[in-house]
Each structure stands twice: as C-alpha cells, then as structure tokens.
Amino acid sequence: MLRVEGMIANHDRVFEGAVEIDPASGLIVSVGSKTGKSDLDIGDALIFPGFGDIHIHAREDAGGTQMYKEDFVTTSDAALHGGVTHVADMPNNPIAPVDDARYAEKEKLTAKSVVHVTLYAGIGPETEPLQRHVPYKAFMGPSVGDLFFASQEQLEGVIARYRGRNVSFHCEDPVILQESKGAATHEARRPARAEITATEFALYLIEKYELQGKLCHYSTEGGLQKIAAAKNRGVRVTAEVTPHHLFFDETMLTEENRLALQMNPPLRGSADRLALIEALRGGLLDYVATDHAPHTLEEKAHGVSGVPLLDTYGAFATWLIREHRFSAGDVARVCAYNPGRFVKEFLPSSFGEGYGVVAPGYVGSLTILDLDSPWTVRSEEMRTKCAWSPFEGFTFPGRVRATVVHGKVYPAS
Ligand SMILES: [Zn+2]
C-alpha cells in the first residue's frame with residue numbers, strides 16, 4: 001500500500017489528509033486523516049488528483065516514420081516529468097487511426113507508455129464512425145496530414161454520419177485561411193476571424209447533430225461569448241486552452257523567437273491572452289490541454305507549427321496559482337477533474353471511477369506540486385525526444401515534486 005499525507009487539492013475541496021493507494025489494483029482505497037506516517041515526504045507540497053493532458057501529438061504510428069522526434073516512451077517520460085498521469089493522443093499520423101483496425105493497431109503501440117493513452121480516431125472526408133466507442137477529432141482547416149476539409153459543406157456532410165458521437169474540433173475556417181494566404185506574418189495568415197467563423201460552425205454542428213463537442217486550443221476573446229451562449233442554451237460543448245496561448249502573445253514575438261513560437265492557431269493579442277486566463281479561471285474554458293507538438297528545432301527553423309509542452313505542464317500550473325490568482329481547486333478542476341471526466345467513458349473498467357478526484361475508487365494517480373520551489377526550464381532537462389521547450393530560460397514559481405501513477409512513485413529528478 002502506498003500512503004501519502006499532506007494537503008489534498010480536489011476541485012471542490014482542499015483539505016489536510018492521507019491517501020492510500022493499492023498498487024495491485026492501482027486504485028485509491030481510502031482517504032482519511034493524517035497519522036504522521038507517510039511513504040513520501042512531500043513537505044508543504046500539494047497533492048492533486050493526477051493531471052491529464054487531453055490534447056497531445058505523440059507522433060508514433062505503425063509506420064514509425066515520425067519516431068525520430070517522439071514516441072510513446074518519450075511522451076510518457078515527458079508526461080511524468082510534467083506531472084501528467086494520462087494523455088489523449090491526436091490522430092493526424094501518417095497512418096491515421098480512422099477505422100477499427102488501424103485504431104487497434106495504434107492502441108497496441110501505447111502499451112509501452114507508463115501514463116495511460118486515450119486515442120482519438122480521425123474524421124476525414126472519407127471516414128465512418130468506428131464500431132468501438134472512441135473520441136473523434138475533426139480538423140476544419142489544413143494541418144499536419146491529410147485529415148482536413150476544404151469547406152463547411154464538405155465537413156457537415158461527414159459530421160452527419162457521426163450524430164451523437166464525441167467530436168473535438170480544430171476551429172480554423174479553411175476558406176478564410178485560403179483568403180489570408182498572402183499576408184505578411186504567420187499570425188496574419190491565420191486571423192482570429194478564421195477561428196471565430198469556425199467556432200460558429202462547430203457550435204452549429206454540435207447542436208444540430210447532438211454531439212458531445214469539444215473546441216480545441218481556444219485562442220480568441222471574440223469567440224468566448226459564443227461558447228458561453230451555447231453552454232447557456234444547453235449545447236454539450238467544452239473547450240481547451242493551451243499553456244502557450246495563456247502565456248505568450250503577439251507582443252512578445254521577436255525575430256529570434258518568431259519561428260519557435262509558430263503554432264496553429266497562432267499567438268493572438270494580449271487582450272485575448274488575458275481574456276483566456278479569466279475564462280479558464282471562471283469556468284468558461286474547461287481544460288489546460290497542451291497541444292504538445294514535438295517538432296525538432298531544425299523543423300521549427302523551416303516553419304513547422306507547434307511546440308512541445310508536456311515537460312512543463314505541472315510547473316505551468318504553479319504559474320497560474322502564483323501569477324494569476326487560480327486557487328488550488330481551480331487548478332484541480334482544469335488540470336485533473338475536467339480532463340478526467342472527458343476520458344472516463346473511454347477507459348478500461350479496471351480504472352474504477354477514472355481520473356480526476358482524490359477519493360476512494362478513483363485511479364491512484366497523483367500530481368504533487370511544490371508551489372514554492374522555483375524551477376528554471378533548461379532544454380537539456382526536457383524528456384521529450386525533440387529536446388527543447390518554448391519556456392527555455394523562464395523560471396516558474398514552482399515545480400513537480402513527484403508524479404504517482406497507479407500507486408507507483410516517479411520522483412521529479
Ligand atoms: Zn493538436
């Protein structure tokens with residue numbers, strides 16, 4: 001039995017206590033009072049339910065052609081380093097999981113990951129729903145790979161086949177992206193109105209086809225009211241936001257960092273950034289999800305979009321608490337509870353109540369954060385195979401002390 005004592009931070013309550021995990025089942029068996037006997041000396045660090053990053057790109061598929069930059073082993077290492085105990089991997093691989101056979105084939109590859117991997121299945125112009133119950137991802141505009149749509153009409157024709165399913169949308173309108181191709185900067189080539197227009201259409205599809213919808217990596221202030229209005233009228237929609245859209249904005253771009261900080265959707269203005277922080281703290285945005293995109297620095301120098309963020313997930317959460325007045329409960333909600341609810345229906349039955357709460361019957365995975373131990377990000381410490389971080393040189397106010405997965409402890413260093 002693993003016993004850990006300290007301050008426990010759930011989404012609805014922060015309290016002093018002790019959690020006991022049975023390593024055989026991997027589940028929490030009890031949460032009780034402190035007795036002074038702990039298998040881990042965590043000092044004043046906080047015990048959170050295991051964090052979950054429900055939007056990553058691990059790059060491994062049966063073809064293995066992108067494993068020079070990441071695979072499920074290095075993804076898992078980077079996740080543990082960042083205090084992340086489960087992830088959900090996107091389907092835009094060269095051999096994309098778009099049917100039951102390919103999905104099962106990719107799922108086998110995830111067995112070597114310590115952290116549990118939920119796989120999204122891809123939706124493309126020619127795809128049909130799987131027999132299995134899985135989450136889906138639809139790319140509205142051009143991204144990496146072939147799973148995208150040229151128009152709203154084409155997308156609706158396909159989504160009609162997915163009525164009632166769990167579908168996540170990358171919201172950038174392909175027509176507006178096409179019209180903006182000649183603009184001077186990456187940011188201007190992918191304007192906010194591309195996301196806002198696509199948001200309106202995604203919300204229309206989610207409502208009309210009764211989807212369990214999710215908007216990925218939300219980045220614009222202008223779309224937030226549309227999400228709020230949809231939620232208020234009962235549309236089943238949630239939304240992610242990335243660490244980079246909460247931390248960086250266009251005013252921070254320089255000639256030196258411009259290529260490293262290129263991603264889709266791009267960085268927006270500082271008003272957008274501050275509005276996203278408020279929306280996350282206030283509950284309109286539901287998840288901190290990284291969009292972890294482990295491209296090599298050589299690829300970045302050639303204009304490939306995306307940044308690696310798994311290693312820094314937990315430290316970033318301490319920044320939300322120390323710099324942006326998030327309570328420990330707020331962090332538990334957006335980094336653990338809501339991600340746990342998202343993946344619950346796709347987990348094996350042996351995972352009990354699933355992730356996201358320190359309570360009996362839930363998965364025995366914990367994220368232990370020291371809020372008062374500053375940590376400076378150094379590329380050489382990153383465990384992602386691409387071996388760099390957009391936070392290089394930045395000092396976070398706190399760090400991950402340990403990550404516990406199904407009752408097994410993974411110390412931070
Ligand atoms: Zn992504």
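Counting starts at 1 for both ligands and their atoms, in listed order.
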Open item on the list: Under a 4.0 Å threshold between the charged nitrogen and the carboxylate oxygen, would Glu60 count as salt-bridged to Lys112?
Closed with: yes
TODO: Could you tell me which residues satisfy side-chain contact (heavy atoms from CB on, under 4.5 Å) with Val158, sequence neighbours excluded, listed by chain and number?
DONE: Ile123, Thr127, Phe149, Arg161, Tyr162
Open item on the list: Just to verify, what does Asn257 make a side chain to side chain donor-acceptor pair (under 3.5 Å) with, not counting sequence neighbours?
Closed with: Thr254
Open item on the list: Please report whether the ring centroid of Tyr362 lies less than 6.0 Å from that of Phe351.
Closed with: no
TODO: Take the Zn ion (ligand 1) as the centre and count protein N, O or S atoms at distances under 2.8 Å.
DONE: 3
Open item on the list: With side chain to side chain donor-acceptor pair (under 3.5 Å) as the rule and sequence neighbours excluded, what pairs involving residues 211-221 come up?
Closed with: Tyr120-Lys214, Ser168-Lys214, His170-His217, Glu195-Ser219, Glu195-Thr220, Thr199-Tyr218, Gln212-Arg236, Lys214-Glu240, Ser219-Arg268
- [ ] Identify the residue among Phe48, Phe326, Tyr355, Tyr337 that makes a ring-ring contact (aromatic ring centres under 6.0 Å, His included) with His11.
- [x] Tyr337
